[in-house]
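None of these values were measured; they are calculated from a predicted model. So that the names make sense, note that chain A is the first sequence line, chain B the second, and so on, each numbered from 1.
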Amino acid sequence: MSKSLPKRSENYSEWYNELVKRADLAENSAVRGCMVIKPYGYSIWEKMQRALDDMFKETGHTNAYFPLFVPKSLFEAEEKNAEGFAKECAVVTHYRLKNDPEKAGKLMVDPEAKLEEELVVRPTSEAIIWSTYKNWIQSYRDLPLLINQWANVVRWEMRTRLFLRTAEFLWQEGHTAHASKEEAIAETEQMLEVYATFAEQFMAVPVVRGKKTANERFAGAEETYCIEAMMQDGRALQAGTSHFLGQNFAKAFDVKFMTKENKQDFVWGTSWGVSTRLMGALIMAHSDDEGLVLPPKLAPIQVVIVPIFKGEEQLAQISEAVKPIVTALKKQGISVKFDNSDKQSPGFKFAEYELKGVPVRLAIGARDLANGTVEIARRDTKVKATYPIDTVVETVSGLLEEIQANIYQRALDFRATHLFKVDTWEEFTKIIESEGLGFISAHWDGTSETEDKIKELTKATIRCIPLDSVEEEGKCVLTGKPSTRRVIFAKAY
RNA sequence: CGGGGUGUAGCGUAGCCCGGUAUCGCGCUUGGUUUGGGACCAAGAGGUCGUAGGUUCGAAUCCUGCCACCCCGACCA
């Protein structure tokens with residue numbers, strides 16, 4: 001195995017792929033399009049789950065679990081939703097295998113064990129959940145119903161990429177039911193804000209909050225809100241979506257409730273989700289040619305301590321000096337690893353923990369013991385400095401906060417320099433065709449035809465209509481027709 | 001799913017055109033010396049050459065099917 005990663009600047013996607021594998025995050029599995037998430041990668045996902053789950057609970061949601069399989073008849077009930085996902089569904093048709101009479105030791109699908117009704121492996125759970133909600137909701141007193149589930153879903157994608165698009169992926173999906181349209185919209189917007197806050201404060205990835213155009217809307221939704229993040233190659237990554245479902249699913253599954261006024265009405269729904277794709281966003285937003293750069297809040301190991309020693313005696317002395325540091329850091333809630341293995345040289349360890357994105361590294365050798373010092377290195381800037389040993393805890397906890405803030409700021413600055421306000425088609429194509437592309441803020445006439453045409457010509461799509469976009473007079477960048485606000489165009493993952 | 005490429009030890013590869021039982025590096029094992037940015041020396045172990053067929057006295061090498069991965073398209077809430 002060669003020591004260094006492919007250069008990010010030379011081949012971004014090769015760099016990404018190699019990084020995911022080399023940092024022990026995930027690898028391809030024996031199943032087409034499905035990945036194995038390795039322990040180190042999974043522990044990052046667990047930290048994401050923990051933080052998100054806390055935020056869901058804080059906003060009044062509880063977790064539940066619904067089946068992996070959806071009977072076809074339920075799946076097709078909400079027509080638009082079914083149609084939107086039909087092309088990427090895995091379907092279970094049989095429930096038994098048997099020995100193949102013609103090939104010894106081989107199994108075959110037992111043709112006699114055909115299911116009466118096919119089961120769709122959920123690509124999303126609206127159908128199975130709304131069919132259940134019908135039984136749970138009778139009165140306005142049963143509302144709002146605020147439920148989340150952590151689950152796996154399957155979407156049979158033609159081309160997959162580790163974390164960004166896999167046939168099976170892990171996610172959470174919130175499904176809520178409300179007595180009024182206003183309340184459902186407020187819920188949709190609240191959860192979008194939860195996602196945006198998580199992305200910015202935990203992942204250190206700035207996002208644009210916005211609404212999707214009709215073309216990009218979730219199948220079965222009245223309105224799809226999203227957060228869009230910019231990766232280091234200037235492409236956009238949809239990092240989370242929150243849908244206002246109107247009464248579409250309530251009508252499809254006949255979910256009615258009695259209002260305070262003693263009238264029957266259909267309930268209003270929302271659904272919202274983020275997936276292991278966030279791992280892809282996290283990796284692509286911050287990492288460099290040396291490897292991962294993790295935000296301290298999501299790093300499984302926040303501080304690694306590397307002893308530099310000659311012989312066991314020195315290691316024992318260093319270990320003694322390290323002990324109180326480890327204890328003190330842990331007391332602060334900081335996760336620490338003391339790597340006292342003598343299998344690898346310090347240089348090897350330095351490179352290894354950089355590859356894995358450990359935010360802070362301490363190095364202690366005989367020289368430090370004599371001087372009462374520790375070398376502290378930060379992953380984001382690669383700056384090293386020596387500090388008195390009794391200031392380590394304070395320095396480290398300050399540094400973790402600084403790194404969290406710094407990588408967010410760096411990503412924000414990157415986005416700022418790759419966000420272009422464009423008013424002519426010439427400029428538009430020039431930017432979109434250049435290597436280091438980015439987000440284009442431009443006027444659009446509001447029609448699907450124009451959106452499609454632009455996609456056809458440039459491969460750029462409307463990522464969203466930003467929630468904070470200001471109303472202004474303008475002309476569509478392609479057609480010249482009047483427009484009242486700018487939208488964000490970009491090439492997307 | 002279409003076009004192109006790749007598949008050889010845990011990883012990365014040479015050999016393939018021109019058929020004769022597989023090269024090198026990393027890693028691994030053992031012993032020793034090392035350790036402030038991916039240590040060094042010595043000795044070893046490790047292979048149905050992606051897979052299934054075919055041609056041939058003989059196939060990593062030639063032919064066919066299949067599978068997987070990568071790149072470019074198409075597809076993608």
Side-chain angles (χ1 to χ4, degrees), chain A residues 1-6 11-14 16-18 21-22 24 27-35 78 80-89 103 123-124 126 153 155-162 164-167 169 171 173 211-226 237-238 240-243 245 271-275 277 290-291 306-312 314-315 318 339-355 361-371 373-375 377 382 384 386 455-456 459 461 463-464 492-493:
Chain A
M1 182 158 60
S2 72
K3 279 175 185 172
S4 56
L5 285 168
N11 188 338
Y12 196 79
S13 66
E14 196 185 330
Y16 172 80
N17 267 319
E18 278 298 304
K21 290 177 197 164
R22 298 263 279 275
D24 269 338
E27 61 187 32
N28 287 305
S29 71
V31 188
R32 177 197 195 112
C34 298
M35 64 179 166
E78 209 295 326
K80 279 190 183 147
N81 185 250
E83 196 190 312
F85 285 104
K87 281 179 290 180
E88 44 192 281
C89 287
K103 291 177 205 150
T124 181
E126 275 79 3
V153 288
R155 296 179 189 181
W156 216 261
E157 302 286 356
M158 290 187 191
R159 203 172 139 193
T160 58
R161 298 193 66 191
L162 293 168
L164 298 175
R165 185 176 297 112
T166 47
F169 57 91
W171 76 345
E173 46 182 326
K211 290 182 185 178
K212 287 293 187 190
T213 61
N215 270 7
E216 303 271 329
R217 197 174 287 152
F218 176 74
E222 297 280 302
E223 191 81 82
T224 288
Y225 292 67
C226 64
L237 184 78
Q238 178 178 300
T241 48
S242 184
H243 315 291
L245 303 175
S271 67
W272 28 274
V274 294
S275 70
R277 179 180 249 208
E290 272 71 51
V306 178
I308 294 147
F309 59 96
K310 297 182 183 123
E312 286 191 19
Q314 263 191 17
L315 176 58
I318 293 168
D339 187 348
N340 60 357
S341 142
D342 61 355
K343 303 282 188 290
Q344 286 111 15
S345 68
F348 182 93
K349 291 176 184 173
F350 293 170
E352 186 66 17
Y353 292 111
E354 273 162 17
L355 177 61
R361 182 186 73 229
L362 309 185
I364 305 180
R367 207 163 70 199
D368 295 296
L369 286 186
N371 300 338
T373 58
V374 177
E375 182 192 80
K382 314 245 342 243
K384 293 190 283 199
T386 302
K455 184 179 179 184
E456 190 190 316
K459 287 173 204 149
T461 50
R463 300 321 304 157
C464 70
Y493 274 101

With A:Y493, which residues qualify under ring-ring contact (aromatic ring centres under 6.0 Å, His included), at least two apart?
none

Does any donor atom in the side chain of A:E216 or A:T461 lie under 3.5 Å from an acceptor atom in the other side chain?
no

What distance, rounded to whole Å, do you find between the two C1' atoms, one in B:rU23 and one in B:rA14?
5 Å

Can you give me the closest heavy-atom contact between A:F309 and A:I318, atom names plus distance?
CB-CD1, 3.8 Å

N/O (side chain, A:S345) to phosphate O (OP1/OP2, B:rU35) under 4.0 Å
no

Mind checking A:N81 for me? I need base, sugar-phosphate or nothing, with any heavy atom below 4.0 Å counting as a touch.
nothing

Between B:rG36, B:rG37, B:rA39, which one does the side chain of A:F348 approach most closely?
B:rA39

Going by the rule salt bridge (charged side-chain N to carboxylate O under 4.0 Å, His left out), which residues pair with A:R217 if we only count those two or more places apart in sequence or in a different chain?
A:E223

Within the structure shown, what part of the strands sits under 4.0 Å from A:R367 by heavy-atom distance: base, sugar-phosphate, or nothing?
base

At 4.0 Å (heavy atoms only), tell me whether A:G33 reaches a base, stays on the sugar-phosphate, or touches nothing.
sugar-phosphate

Any base atoms under 4.0 Å from A:A221, or only sugar-phosphate, or nothing? Heavy atoms, all strands.
nothing

On RNA chain B, does the nearest nucleotide to A:A363 precede the nearest nucleotide to A:Q238 from the 5' side, or the other way round? Give the residue.
A:A363

Please tabulate, one pair per line, each protein N/O and nucleotide N/O from nucleotides 71-76 of chain B that are separated by under 3.5 Å, including the distance.
{"from": "B:rC71", "atom 1": "OP1", "to": "A:S13", "atom 2": "OG", "distance (Å)": "3.1"}
{"from": "B:rC72", "atom 1": "OP2", "to": "A:R159", "atom 2": "NH2", "distance (Å)": "3.1"}
{"from": "B:rG73", "atom 1": "OP1", "to": "A:K459", "atom 2": "NZ", "distance (Å)": "2.9"}
{"from": "B:rC76", "atom 1": "O2", "to": "A:R165", "atom 2": "NE", "distance (Å)": "2.9"}
{"from": "B:rC76", "atom 1": "O2", "to": "A:R165", "atom 2": "NH2", "distance (Å)": "2.6"}

Check: B:rG36 base within 3.5 Å donor-acceptor of A:K310 side chain:
no

Listed partners of A:D339 passing side-chain hydrogen bond (donor to acceptor under 3.5 Å, both in side chains), at least two apart:
A:Y353

Can you sort out the partners of A:Y16 under side-chain hydrogen bond (donor to acceptor under 3.5 Å, both in side chains), two or more places apart, ordered by chain and number?
none

What integer number of Å spans the P atoms of B:rU29 and B:rA45?
15 Å

B:rU21 to B:rU48 separation - C1' atoms, rounded to the nearest Å:
12 Å

Counterpart residues, salt bridge (charged side-chain N to carboxylate O under 4.0 Å, His left out), relative to A:E18 (two or more places apart)
A:R22

When the C1' atoms of B:rG7 and B:rA52 are considered, how many whole Å apart are they?
16 Å

Answer with yes or no whether A:Q344 presents, from its side chain, a donor or acceptor under 3.5 Å of a partner atom in the base of B:rG38.
no

Who pairs with A:R277 by side-chain hydrogen bond (donor to acceptor under 3.5 Å, both in side chains), at least two apart in sequence or on another chain?
none

Runs of at least three consecutive Watson-Crick or G-U pairs, both distances under 3.5 Å, are what I'm after; which ones involve RNA chain B?
B:1-7 with B:67-73, B:10-12 with B:24-26, B:28-33 with B:39-44, B:50-54 with B:62-66

Nearest-nucleotide comparison on RNA chain B, the residue closer to the 5′ end among A:K384 and A:K212:
A:K384

Can you sort out the partners of A:T166 under side-chain hydrogen bond (donor to acceptor under 3.5 Å, both in side chains), two or more places apart, ordered by chain and number?
none

